[in-house]
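Everything quoted here is computed from the prediction, not taken from an experiment. For ligands, and for the atoms within them, numbers begin at 1 and follow the listed sequence. Reckoned from all heavy atoms, side chains included, excluding hydrogens, waters and symmetry mates.
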Amino acid sequence: MPKSTYLGLCASTLILGLIAASPVMAKSSDTYVLDKGHVHLEISAVRDDIVRIRMSEHKKARDESFAVSSEVRKAHLTLHVSTDHKLISLATSSLIVKLDPKTLAIRITDMQGQVLLADASGQAVRFDGQGFHMRKVMPQNAHYFGLGDKTGPLDRRDQAFSLWNTDNFGFGDYTDPLYKSIPFILGLDNTGKSFGLFMDNTWRSYFDFGKSERDTLNIGAEGGDIDYYVMTGKGPKDIISAYGYLTGHAPLTPEWALGFQQSHWSYMTQGEVKSIADTLRKDHIPADVLYMDIDYQDHNKPFSVNTQAFPDLKALVSDLKAQDLHLVLITDLHIAHAPNQQYKPYDSGEASDIFVKNPDGSDFVGKVWPGDAVFPDFSRKVARQWWGQQYKDFAKLGVGGFWNDMDEPSVFEVATKTMPLDVVHTIEDDGFTTRKASHAEMHNVYGMLNSRATYEGALVNTPNTRPFVLTRASYAGGQKYAATWTGDNSSTYAHLKLATYMLVNLGLSGFSYVGDDIGGFAGNQPSADLLTRWIEIGAFNPIFRDHYQKDKPAQEVWVNGPDHEAIRRRYIEERYRLMPYIYALAEENSRNGLPLMRPVFLSYPEVVAKGDHLGGTDDQFMLGDNLLIAPSSAPESPQAYDISLPSKGWYDYWTSQRLDEAAIKETPRLDHLPVFVRPGAILAKQPLVQSTMQTPSGPLEIHVYLGPDCQGHLYFDDGVSFDYKKGAYLRQNISCQSNAALDKVSLDFGPREGQYHAWWSQIRLIIHGYRGQSAHITQDGHALTGQWDVTNQTLSLDLADLAHQSHLEIKS
Ligand code: GLC
């Protein structure tokens, strides 16, 4: 720490003081308060590694948030206050905030004094009556990520974005704004230093990463106070988990939502839905979910059913269930404005007076799919509860999940594509004083509150079933309620590429259950090759849903003939084999917030330090820390391309071959998506099933890829209920050690935790990379025999299930 004068403040005592030529200050040990001119500033630390900075033009800024719970906001750590060369220094044990009391300029450093984030010189903060603008320094070696699924390159540097949830059908490669507003960014420089910045503001806002002003990050909003958090840590993973601490983790998904999902706007009849299910099963294409889009409804009226086209929804749900498929129904928020038409959602909503209002107190009416529609005021408790009840009948039928679309909210036939800014909402929420708020303030959280009402309703209607909600619009923290997708993309190679950047950035922004419309939603029919490549990559994305627009030629897996179908099937099958690994990642995410799909630098920040900011190209991504997926950055080109792995010794996932080099030249082949495994990975795989609802038959496969830091774990539960919270799960750590020659291996199975009963009685252990001439194997001192596959350099052995601690040794 720099040499400083410690002012010795006592806890919870508010001390007023003056320092030379400084404005009046009030200081306490857990919140630093300063008033200068018309600006009121408060600095606190909600955790050692997270500081919160609030500035407003009113003395009493409201302490409210839709993203950070009041419990988290209330936690204030002691700040050690000192002065250092006329700067006020506020320190936790992880970071120091340096404040110039004259200018209110702020610089945040780590304990070594290295700057994490600093205000730009000149005027760093400006209020303009309604909103504000801030300017921060962007070091030239820094890269910026986050903001959810924005278009453009993976790295936000030199781009500028608006945050205003917008329905943007058929968006282009650079269209902005889009459906979500997630004002969180991760900064990372090539010395490995990283920070996070979350600006908790729901108004229309912007982030300009040096586009309009060189090397300067400009951030502003049209309204509200300045309220932002800065996070630090050892590396980007710490930043992401600090952000998860602030805004919450996604609850563990039902496992079936990780299976293959088929959707279309729209399967028009019950028979058509059934025939899609039949073809999936006849063609042995593993799948878990079918979707029904707006046309199952009566004149697009939410919560109604067109009984001519869908005469027996109950029978359909149970037919699908018999085929191990879940049905997800679209349930848009715009309730048809249909007075005196026996349309219950309108009548009951109107009776409870839960729709958003025009300034004169009448219901706001706007056109969407059903024509004139009214809009529930999801920021009111009573409206959220009312919304949840609308699902009761569907829940009784056993419908698996719900899809909230158009919740930006989208309004047709108006230039703004949404409600007027003066539409009135009422906020009743945790930590809020109940008050009215304009649509200008509520717009960006409306979709999140819609999905929250759906999620909470599902918990009431089916308490021991994990809800699955898919939303298009959301705000920071929306991951607590719903999975999301990237909206109405197009069937182009550019959008296949873009999908990776969008999904990776969503993952870095708290949303881990993310997908795009496989094959592209809008535009022309995807070519057979494009759809095949999209399915290959989609097999390694968290949400894997083929969905396409009305009146477009069919886009299901089988549409381009048997050769394409065979390739696509193989990738979908591989995802199902990998399901134990993918599901374990989901469970981990529910505890630590780390995304399933990651940029390479999240697992290997040291590649950034080497000056290559992503290790290879932006198109490469990871599924967990163990699989690196490396599509070409020119996916339509036959030209060979370079893949650069984080180190030597990685394995080719498909051939098992151990790679001596980190740099690889790949010649594209339609049937091949390069996937690599981290040396030291231990992956669990299962025999092929056609749905996650089926119990695999055969041994659980445990694949050990010899290398440093060799470890993995098993996680299983019933995949659908909350019983895992009461102990009905299975967790087991596995580790291994090998010598440099890779001809001597020891493996340790830890004790098994939890009361979930394994579906397997046998384990097939497959060791990749073993280089011994022979293999003498012992398990807890007893000799075993294995099979040595010379071509693949794998050693396999079948064992009785290892429910207890066990030690294996293999040597030549
Ligand atoms: C929106 C959605 C799309 C859906 C369509 C009809 O465009 O983004 O996925 O199919 O509406 O509901």
Side-chain angles (χ1 to χ4, degrees), residues 148-149 151 165-172 175 177-180 261-268 272-273 276 289-306 309-310 327-336 366-371 373 375 401-413 417-418 446-447 450-451 454 468-474 478 482-491 495 498-499 502-503 506 511 513-523 525-526 534 538 541 543-556:
D149 48 348
T151 49
N165 293 1
T166 305
D167 175 2
N168 236 321
F169 168 80
F171 58 85
T175 302
L178 288 183
Y179 310 89
K180 286 170 266 296
Q261 313 188 358
Q262 181 62 55
S263 181
H264 171 40
W265 173 25
S266 297
Y267 298 124
M268 298 300 286
E272 196 181 353
V273 177
I276 296 292
V289 192
L290 287 187
Y291 281 67
M292 290 191 348
D293 207 324
I294 50 176
D295 295 285
Y296 79 88
Q297 305 168 125
D298 176 22
H299 294 90
N300 297 336
K301 291 205 291 271
F303 304 105
S304 72
V305 176
N306 172 351
F310 294 84
L327 180 65
V328 173
L329 292 182
I330 200 163
T331 51
D332 289 346
L333 68 141
H334 38 244
I335 297 296
K367 283 206 187 335
V368 209
W369 296 128
F375 299 78
F402 300 105
W403 174 17
N404 292 155
D405 189 20
M406 311 298 278
D407 49 354
E408 294 69 33
S410 176
V411 177
F412 296 164
E413 297 179 17
K417 298 185 175 192
T418 194
Y446 190 78
N450 174 205
S451 60
T454 310
F468 174 71
V469 180
L470 183 71
T471 188
R472 193 171 69 178
S474 205
T484 191
W485 90 109
T486 59
D488 298 341
N489 62 353
S490 295
S491 299
H495 272 226
L498 186 59
M502 294 177 99
L503 300 181
L506 272 172
F511 282 79
Y513 297 119
V514 293
D516 62 326
D517 287 350
I518 299 287
F521 176 77
Q525 181 185 24
W534 214 314
N541 292 163
I543 297 286
F544 185 21
R545 185 177 76 136
D546 178 330
H547 177 58
Y548 62 102
Q549 199 197 337
K550 201 166 198 163
D551 300 328
K552 212 176 154 188
Q555 206 163 291
E556 284 78 16

Please could you name the atoms of ligand 1 that [X] approaches to less than 4.0 Å, counting only its heavy atoms?
| X | result |
| --- | --- |
| Ile330 | 12 (O) |
| His547 | 3 (C), 4 (C), 9 (O), 10 (O) |
| Arg472 | 1 (C), 2 (C), 7 (O), 8 (O) |
| Trp485 | 8 (O), 9 (O) |

Item checked: Given Asp407, Asp167, Asp149, the one that forms salt bridge (charged side-chain N to carboxylate O under 4.0 Å, His left out) with Arg472 ->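 In the set Asp407, Asp167, Asp149, the residue that makes a salt bridge (charged side-chain N to carboxylate O under 4.0 Å, His left out) with Arg472 is Asp167.
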
Notebook entry, point to check: Under 3.5 Å, N or O to N or O, is Asp517 touching ligand 1 that way?
Noted result: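 No; the residue has no nitrogen or oxygen that sits under 3.5 Å from a nitrogen or oxygen of the ligand.
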
Checklist line | Atom pair OH (Tyr267) and OH (Tyr296), whose distance is rounded to the nearest 0.5 Å | finding: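 Answer for the OH-OH pair, Tyr267 versus Tyr296, is 16.0 Å.
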
Check: Which residue, Asp295, Leu470, Ile294, forms the side-chain contact (heavy atoms from CB on, under 4.5 Å) with Ile330?
Finding: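 Single pass found, and it is Ile294.
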
Quick one: look at [X] and ligand 1, take heavy-atom pairs under 4.0 Å, and tell me if it's side chain, backbone, both or neither.
| X | answer |
| --- | --- |
| Tyr291 | neither |
| Tyr179 | neither |
| Gln549 | neither |
| Asp332 | neither |
| Lys550 | neither |

Check: Between Ser263 and Tyr291, is there a donor-acceptor pair closer than 3.5 Å when you use the side chain of the first and the backbone of the second?
Finding: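 Judged by distance alone, no pair lies under 3.5 Å.
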
Checklist line | Gln555 (side chain) donor-acceptor with Gly520 (main chain) under 3.5 angstrom | finding: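 Checking the backbone N and O of Gly520 against the side chain of Gln555, a donor-acceptor pair under 3.5 Å is found.
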
Next item on the list: For the pair Phe171 and Tyr179, name the ring-plane relationship: parallel under 30°, tilted 30 to 60°, perpendicular over 60°.
Entry: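 Rings of Phe171 and Tyr179: perpendicular, over 60°.
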
Notebook entry, point to check: Taking the six-membered ring for Trp, are Trp403 and His547 parallel (under 30°), tilted (30 to 60°) or perpendicular (over 60°)?
Noted result: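 Judged by the thresholds at 30° and 60°, the geometry between Trp403 and His547 is perpendicular.
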
Notebook entry, point to check: Do the charged groups of Asp293 and Lys550 touch, with an N to O distance under 4.0 Å?
Noted result: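 Between Lys550 and Asp293 there is no salt bridge, as every charged N stays at least 4.0 Å from the carboxylate O atoms.
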
Note to self: Taking only non-hydrogen atoms of Trp403, do any sit less than 4.0 angstrom from ligand 1?
What the structure shows: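 So Trp403 counts as touching ligand 1.
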
Next item on the list: State if Phe169 counts as touching ligand 1 under the rule of any non-hydrogen atom under 4.0 Å.
Entry: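 No, that is not the case, since the closest heavy atom of the residue is not under 4.0 Å from the ligand.
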
Next item on the list: Any chance you could lay out the side chain to side chain donor-acceptor pair (under 3.5 Å) test for Asn404 and Thr454, step after step, and finish with the verdict?
Entry: CA-CA 8 Å; Asn404 292 155; Thr454 310; 2.7 Å; yes

Note to self: Please state which option from Asp488, Asp405, Asp293 has its nearest heavy atom closest to atom 7 (O) of ligand 1.
What the structure shows: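 Ranked by closest heavy atom to atom 7 (O) of ligand 1, first place is Asp488.
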
